[in-house]
Amino acid sequence: MRGERGSGSVLGVAIIAAVVVVSLAAIPLYGVLLAKRQAAGAADLAALAAADVAVGAAPGFPCRSASSVARANDASLRECRLEGVIVTVRVSASVLGFTVPGIATAGPPGALPK
C-alpha cells in the first residue's frame, strides 16, 4: 500500500493539465468562429447599405457604400456585384492569421430570387 501513496495527486495534476491543454487549443477555434460570424454580419450590412443606394434610398455609389460599411465592421470588401437593384457582396475578416469570408445578397422585396 505504501508504494501507491500520492498517486491520486499525480492523477489530479494530469487531469488538470489535460483540461488546460484542451482549453488552450479551443481558444483559437473560438476566435475563428467569432470572426466568421463577424464577416457574415459585415457582409449583410454592406449588402443592405449598397442595396439602399442602388434603389435610391440613400445617396452615393453602391459599392463605395458597401466598402465603407464593411470597413466600419472590421472587414474588407473583396467583391461587389450589382445586377440592377440586387447587390451581392463578398467580404473577409482576419483573426489569428486566418482569413474568413462572408457573402450576402440584398435588394428590394420581391426582387431577390428564391
Does the side chain to side chain contact (heavy atoms under 4.5 Å, CB included) test come out yes or no for Val87 and Thr105, once each step is laid out? CA-CA 6 Å; Val87 181; Thr105 301; over 6 Å; no
Say you draw a straight line from CD of Gln38 to OG of Ser92; how long is it, rounded to the nearest 0.5 Å? 10.5 Å
Would you say Ile16 ends up clustered with Leu11 if hydrophobic residues are merged whenever their side chains have heavy atoms under 4.5 Å apart, either directly or through other cluster members? no
So CG of Leu34 and CG of Leu29: to nearest 0.5 Å the spacing works out to 11.0 Å
Closer than 3.5 angstrom, by distance alone: can the side chain of Lys36 be matched with the main-chain N or O of Pro101 as a donor-acceptor pair? yes
Looking at every heavy atom in both Pro62 and Ala50, which two are closest together, and how far apart are they? O-CB, 3.3 Å
How close do Ala49 and Ser65 get, heavy atom to heavy atom, and via which atoms? CB-OG, 3.6 Å
Can you measure from OG (Ser68) to CG (Asn73) and round to the nearest 0.5 angstrom? 9.5 Å
Out of curiosity, Arg78 CZ to Arg90 CZ, how far, rounded to the nearest 0.5 Å? 12.5 Å
Please name the pair of heavy atoms, one in Val89 and one in Ala43, separated by the smallest distance, quoted to 0.1 Å. CG2-O, 3.4 Å
Let me confirm one number: the CZ-CG distance from Arg71 to Leu77, rounded to the nearest 0.5 Å. 9.0 Å
Separation of Arg81 CZ from Cys63 SG (nearest 0.5 Å): 10.5 Å
How far apart are the closest heavy atoms of Gly31 and Val95, and which atoms are they? O-CG1, 3.7 Å
State, to 0.1 Å, how close Ala54 and Gly84 come at their nearest heavy-atom pair, and which atoms those are. CB-O, 4.4 Å
Would a 4.5 Å heavy-atom cut-off, applied to side chains only, mark Cys80 and Arg64 as touching? no
Might you point out which heavy atoms bring Val53 and Phe61 nearest each other, and give the distance in Å? CG1-C, 3.6 Å
